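In what follows, a single structure is set out as structure tokens and then discussed.
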Amino acid sequence: MEISVPTLLRIKPNALFKTGKYLRKENFRTIALFWGEGIKNLFGSQLTISLESSEIAVRYEENVTSCELETILKKAFSLPDKIDAIVAIGGGKVIDYSKYIAFLLQLPVIAIPTSVSNDGFASPGASLYVNGKRRSLKARIPYGVVIDTEIISKSPVSFTISGIGDLISKYTAIQDWKLAWYAVQEPVNDFAVLISKNAVETMVHYNNKDINDLEFIRLICGCLVMSGIAMEVSGSSRPASGSEHLISHAYDMVASSPTLHGIQVGVATYAISAIQRNRDKATIKKVLNDTGFFTYVTKNPLNKNDFIKAIRLAPEIKSNYYTILSEKENIEALISFIEEDDICKQLIV
Ligand SMILES: [Zn+2]
């Protein structure tokens with residue numbers, strides 16, 4: 001089994017200014033540069049100065065607005081020759097797009113997320129549209145991840161709240177994996193479980209849960225990277241994704257206005273933890289409370305009818321993926337819980 005982990009990993013204030021220096025150190029002199037929507041206006045001059053001062057040549061650049069496999073295939077094979085690395089700056093879309101191009105061309109990719117709303121920037125998969133439908137495709141974990149915590153602290157609150165929701169879901173994901181072992185003997189990779197659990201517990205045990213605190217942000221970013229690595233180690237999404245993720249994927253399909261991945265996942269994690277009788281359910285509740293997750297979602301709630309539809313659809317989202325929702329009575333128990341629980345009544349209306 002071959003496992004790759006990011007070789008270049010910088011999570012600190014003002015890291016963007018040093019990107020040129022980091023690339024030079026790795027001997028990446030010519031790059032293709034992909035910008036997320038609106039990102040060049042925000043950070044274009046900082047990144048360009050950094051690249052120019054380290055004499056990194058940009059052979060090709062593009063603003064990425066879509067995430068379709070057909071476009072990516074065409075693009076990958078029309079890039080100029082002699083590119084040492086691919087650099088992607090922005091949100092999930094541009095990073096997934098670039099990760100897949102890099103995977104096709106067997107080139108290293110450096111991800112520079114400008115917000116951390118989920119663990120996708122360091123995961124081995126890419127979420128792309130194939131024939132109009134969103135699919136999760138295998139790609140490679142980025143060679144480099146550069147996160148400027150100053151930039152993350154200025155990104156909209158909803159993104160960091162979403163990152164916390166995605167991170168807290170490791171508790172329910174791991175429990176679903178263990179249930180899958182007991183129900184259908186799907187093997188559990190203990191080392192992947194350890195990484196995933198350590199990632200979420202690092203966040204949980206940090207005292208100051210102020211999402212504007214640069215140190216807390218640095219920690220969340222590191223934990224999200226570790227969640228990506230847990231998936232790489234197990235060769236599956238199991239250590240990072242259980243029934244709470246299936247509900248979120250289903251919600252994306254049925255809701256008239258879906259919201260950020262990690263926000264949907266965080267709400268589902270809270271509810272699923274009750275049905276699982278998860279031993280960490282009190283911790284989940286406390287973290288979602290202390291970080292301001294509940295307050296944020298109460299002001300921007302999910303839709304109850306859509307959420308119930310998503311719960312019913314969730315077991316069909318992924319075949320051969322046993323979770324607590326594979327048993328029909330648990331679906332009904334979950335729906336009753338979200339109808340009756342006082343916190344759910346505020347998060348899902
Ligand atoms: Zn996720």
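Here the structure is a predicted model, which is why all the values come from computation and not from measurement. Atoms within each ligand, like the ligands themselves, are counted from 1 in listed order.
- The name of the N, O or S atom in His245 nearest to the Zn ion (ligand 1) is NE2.
- Considering just the N/O/S atoms of His261, the one nearest the Zn ion (ligand 1) carries the name NE2.
- At least one N/O/S atom of Asp166, whether from backbone or side chain, sits less than 2.8 Å from the Zn ion (ligand 1).
- Checked by atom type, the side-chain pair Tyr60/Lys75 shows a donor-acceptor distance below 3.5 Å.
- Salt-bridge annotation for Arg312 and Glu332: present, with a side-chain N of the basic residue lying under 4.0 Å from a carboxylate O of the acidic one.
- Under 4.0 Å is where a charged nitrogen must lie from a carboxylate oxygen, and between Lys170 and Asp119 at least one such pair does.
- Between Ile147 and Phe121, some side-chain heavy-atom pair lies under the 4.5 Å cut-off.
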